[in-house]
Amino acid sequence: MPRYASEGLRNEIGPTAGKLKARGLMPLWLVPMIYAAASFFIGITLPRLEQAYFPYHSGISVASAQAFLSAVASGMITLTGIVFTVGLVMVQFSAIAYSPRLVLLLARDPRLFHSLGVFIATFTYSLSVLLHVDRNGSGVVPLLSGFAVAGLLLLSMLLFSALMKGLSDLQITNVLHVIGDTGREGIREMFDHLDEKTKNRSNRAQETYNVSDLGPVVQTLRYFAAPRTIVKFDIDDLVRQAQKAAAVIVMACGVGDTLVENTRLLQVHGAKIALPESDLMRTIHFGFERTSEQDPKYPIRLLVDIAIKALSPAINDPTTAVQAIDQIEDLLRRLGGHDLDAGYARDADGVLRLIFPMPWEDYLVLAFDEIRHYGADSVQVMRRLRSALVGLVDSVTADNRIKAVQQYIKQLDSTVDRSDLATDDQETARQEDRQGLGLSRRQRTSS
């Protein structure tokens, strides 16, 4: 990993960073508010239009319509409370059983917020229609509005059923697969984007760069604000700015890093003109929590959290740890096919414009160290870890990565030697097994 020690001509930036807030998509809590506002607007508009232009007689008595609409409105409030309670239980259960960091993944499920929005819309619209039943003593019951309330009620029941079905997602196997799928999607989106930039430039993609050869440091961007986490970089925007100034931008921090006061964010090398600090800060998105977007480490972090919690003496569930290793190995194999020692982004002419750190060793440390430490006395976990490491040796092609994985196999042997396992169990723990404890020696030999 290159060192970014040279300061050069420094242009330290603070006021702009201090004013920045986390940027992202529309907050999910606004979704129910939008549903409520839309239903209120439609509720005071549609019945009026219906009475003015579509004066159909529904054939339903005023008393029956009022009873139906009142029951729907009151029932929706009760149902909303039930859904909120279910969502709270799901979040608390996942935090206690799996990992506190998994709460964010469940709490951001758009289905929950859209369901709450539909429930609130049904309640609000029912009350609005109720106001137009027998309006001014006309004895008229709005027909189209009544059908609309019935449709919203049916939709609410379907969404409630879907949420109840979602409780099965709390099963450990489903949770692990959801986290793994999130990591695979993030890897695919991030590296496919970078690979597309370097398509037909395979030779250049293998080059490495010494930061000292990129020209003098003419600008240094520092962070001066409350602690925040880097959520993602706008790579295309950074490349455009660097191309405009004929410069190379070297990121000192990676996605997922937490920034504190006076943290160096990036340095600009060899620029002909100074880049506006506000434009540079616009390309870096901050948040209070890490996300899997541009951060393949985060899904691995969640999987490791689940594994080491399962290995705690209070739970003692090594099979869950083995299932987590299954997902971790798959993510590492996918990562192993990409250039991770440093991320390189180039402009349309193939000129290097951006470098950001993604060291392979960091992924190995994150994926294996804690599980190896807490699972040292579990034969099942040791065998599955060895199988994962041997599989990585076979799947990666770069010599330096193969050496790094082989070094971890040696560390795994040392861990087994220092464990409290009996001699026979230590010999068993040194064997690889994709099931942990599922394949006999004869089966492994034949396979």
Side-chain angles (χ1 to χ4, degrees), residues 1-5 183-184 186-188 190-214 248 250-252 254-256 294-297 299-301 303-304 325-346 350-373 382-417 430-434 444 447:
M1 178 177 176
R3 296 181 59 191
Y4 312 139
R184 283 182 282 274
I187 293 171
R188 181 173 59 254
M190 179 177 180
F191 289 105
D192 284 355
H193 176 75
L194 294 178
D195 291 345
E196 184 67 24
K197 296 292 183 181
T198 58
K199 192 175 182 179
N200 300 324
R201 304 190 194 106
S202 57
N203 292 333
R204 290 181 180 179
Q206 299 300 322
E207 295 177 2
T208 57
Y209 295 86
N210 191 338
V211 174
S212 61
D213 298 333
L214 299 177
V248 178
V250 179
M251 305 302 302
V255 174
Q294 292 190 6
D295 186 8
K297 290 182 183 179
I300 297 177
R301 174 72 269 171
L303 292 169
V304 171
I325 296 172
D326 293 339
Q327 299 293 328
I328 292 172
E329 181 186 0
D330 180 77
L331 294 178
L332 288 178
R333 287 194 179 207
R334 294 171 187 267
L335 287 167
H338 299 280
D339 183 12
L340 297 177
D341 293 331
Y344 301 114
R346 299 171 174 83
V351 179
L352 178 67
R353 296 301 181 190
L354 176 66
I355 299 177
F356 47 98
M358 294 189 302
W360 169 251
E361 289 78 7
D362 286 2
Y363 290 98
L364 294 180
V365 170
L366 175 62
F368 296 121
D369 271 10
E370 290 178 288
I371 298 179
R372 176 173 57 84
H373 174 74
M382 291 295 100
R383 287 159 64 96
R384 183 62 185 92
L385 278 178
R386 183 177 300 276
S387 176
L389 289 168
V390 172
L392 282 177
V393 171
D394 294 336
S395 64
V396 299
T397 56
D399 291 338
N400 59 332
R401 296 185 187 180
I402 293 176
K403 291 180 180 178
V405 177
Q406 289 174 339
Q407 180 62 34
Y408 262 86
I409 295 177
K410 294 180 181 179
Q411 292 181 4
L412 193 65
D413 290 334
S414 300
T415 301
V416 173
D417 292 338
R430 291 190 183 94
Q431 301 169 3
E432 60 179 279
D433 187 347
R434 297 195 61 81
R444 289 194 302 275
S447 61

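Numbering of residues begins at 1 and proceeds along the displayed sequence. Computed from a predicted model, the values in this text were never measured in an experiment.
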Checklist entry - Do Gln406 and Arg401 have side-chain atoms, one donor and one acceptor, less than 3.5 Å apart? => result no
Next on the checklist: As a quick check of understanding, evaluate side chain to side chain contact (heavy atoms under 4.5 Å, CB included) for Tyr408 and Val365, giving each step before the final call.
Outcome noted: CA-CA 9 Å; Tyr408 262 86; Val365 170; 3.0 Å; yes
Checklist entry - Do Arg434 and Arg386 pass the side chain to side chain contact (heavy atoms under 4.5 Å, CB included) test, and can you show the C-alpha distance, the side-chain angles, and the key distance before you say yes or no? => result CA-CA 9 Å; Arg434 297 195 61 81; Arg386 183 177 300 276; over 6 Å; no
Quick one: pull up [atom1] in [X] and [atom2] in [Y] and give me the separation to the nearest 0.5 Å.
{"X": "Leu389", "Y": "Gln411", "atom1": "CG", "atom2": "CD", "answer": "9.5 Å"}
{"X": "Asp326", "Y": "Leu303", "atom1": "CG", "atom2": "CG", "answer": "10.0 Å"}
{"X": "Leu366", "Y": "Glu361", "atom1": "CG", "atom2": "CD", "answer": "13.5 Å"}

How far apart are the closest heavy atoms of [X] and [Y], and which atoms are they?
{"X": "Leu352", "Y": "Val248", "result": "O-CG2, 3.5 Å"}
{"X": "Leu331", "Y": "Gly183", "result": "CD2-C, 3.8 Å"}
{"X": "Glu329", "Y": "Gly391", "result": "OE2-CA, 4.1 Å"}
{"X": "Ile300", "Y": "Pro296", "result": "CG1-O, 3.6 Å"}
{"X": "Ala388", "Y": "Ile325", "result": "CB-CG2, 4.1 Å"}
{"X": "Met251", "Y": "Leu354", "result": "CG-CD1, 3.9 Å"}

Item to check | side-chain contact (heavy atoms from CB on, under 4.5 Å) partner of Leu385, chosen from Ile409, Ile328, Ile371 | outcome: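 Among Ile409, Ile328, Ile371, the one meeting side-chain contact (heavy atoms from CB on, under 4.5 Å) with Leu385 is Ile371.
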Checklist entry - With distance as the sole test, does Arg384 use its side chain to make a donor-acceptor pair with the main-chain N or O of Asp433 at under 3.5 Å? => result no
Next on the checklist: When you measure from the side chain of Ser387 to the backbone of Arg383, do you find a donor-acceptor pair of N or O atoms at a distance under 3.5 Å?
Outcome noted: no
Checklist entry - So, do Ile355 and Leu214 sit near enough that their side-chain heavy atoms are less than 4.5 Å apart? => result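 The answer is yes; the side chains approach within 4.5 Å.
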Checklist entry - Under 4.5 Å between any side-chain heavy atoms of Val351 and Arg353, yes or no? => result yes
Next on the checklist: Assess the residue pair Phe368 and Leu332 against the criterion (side chain to side chain contact (heavy atoms under 4.5 Å, CB included)); give the C-alpha distance rounded to whole Å, side-chain angles, the decisive distance to 0.1 Å, and a yes or no.
Outcome noted: CA-CA 11 Å; Phe368 296 121; Leu332 288 178; 3.5 Å; yes
Item to check | SB check Asp330 Arg334 (cutoff 4.0 Å) | outcome: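 A salt bridge links Asp330 with Arg334.
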Checklist entry - Tell me, which pairs form a salt bridge (charged side-chain N to carboxylate O under 4.0 Å, His left out) where one or both residues lie in residues 364-373, sequence neighbours left out? => result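 As it turns out, the salt bridge (charged side-chain N to carboxylate O under 4.0 Å, His left out) pairs with a partner in residues 364-373, which skip direct neighbours, are Arg301-Glu370, Asp369-Arg372.
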